[in-house]
Amino acid sequence: MTDGEALRIDEETLSSVREALVSWYEADHRAFPWRETDDPYEILVSEVMSQQTQLDRVVDAWEDFLDRWPTAADLAAADRADVVAFWSDHSLGYNNRAKYLHEAAQQVRDEYDGSFPRTPDELSELMGVGPYTANAVASFAFNNGDAVVDTNVKRVLYRAFDLPDDDAAFERGAERLMPDGRSRVWNNAIMELGGVACEKVPKCDEAGCPWREWCHAYETGDFTAPDVPTQPEFEGSRRQMRGRVVSTLKEYDELALDELGPRVRVDYAPGGTYGREWLRGLLEDLAEDGLVGVERRDGDTVASLKR
Ligand code: SF4
């Protein structure tokens, strides 16, 4: 399989998909303090802490840790027993992580002249730093990482682009999606998408997912994923109908109500339960979310996709 087959979208769509996600992330995201820094030590500490602990709880521990040992050099000079005690006092999970972090700081001091290495390969030479953490530090500190592929990212790619449940396909798809030289913002953004919108029970509309226009799951209503083997329970039918409206409008410049209706539901009948009133309600919701434009023209309602 080639890269092109792993992600069946053309270059023009690809650039719209990228731009939509980056703008969505930049407009609003959870404000974790380690997202405000590009210091590799601070980022490494946050990554190691969040391997075991919920992100909200990591914030206090991370701040306390950096108050106590503000730089890698400070940590390298610390007594290991103090670092381990800090770890236990803050309920941060396996104490080995504290030992490894201490050791990694000493490696930076002794083997790298006090400056962190900048590539994922070199970073993974540090004690306790696996490929995922190495890539996260390379991305967030040095904007020098590969595309992250974790469980959340796989779920997003599987749903949005109908990728097969296959690690090599996820890797290729994720790499093709990531804009060159933008691993810092991209990896943050796609992980945010998996964390607040494309969760196991997806919040496509509530979270204003920027990929609804292209998303295969949103269009078909099948929100299963590798880690979500059965259809998640949520207010499915309305969401699915919204998806159909969007995907139908994608194929036309504009459609009047009675042209759109039968393409969304086979049982559409202008005066029926699933008729004009129902469709107008759906369109108004979509208009409020900024996805669809609705106009009154010659006594009719005409809808088009906002681009
Ligand atoms: S539209 Fe929904 S299912 Fe598709 S990527 Fe967005 S949140 Fe996930």
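Read the numbers this way: they start at 1 and go in the same order the structure lists the ligands and their atoms. Values below: every heavy atom of this structure, side chains too, minus hydrogens, waters and symmetry copies.
- Between atom NZ of residue K200 and atom OG1 of residue T151 there is a gap of 8.5 Å, rounded to the nearest 0.5 Å.
- Annotation: protein N, O or S atoms under 2.8 Å of atom 8 (Fe) of ligand 1 (waters excluded) comprise C198 SG.
- Between the side chains of D64 and H90, at least one donor-acceptor pair of N or O atoms lies under 3.5 Å.
- No more than 12 heavy atoms of other residues, nucleotides or ligands sit less than 6.0 Å from atom CD of E277.
- Because its NZ or CZ atom is both nearer than 6.0 Å to the ring centre of W278 and within 45° of the ring axis, R265 counts as a cation-pi partner of that residue.
- Hydrophobic cluster membership is shared by V137 and L55, with clusters built from Ile, Leu, Val, Met, Phe, Trp and Tyr side chains linked at under 4.5 angstrom.
- The hydrophobic cluster around V228 extends to none of the other residues, as no ILVMFWY side-chain heavy atom falls under 4.5 Å of it.
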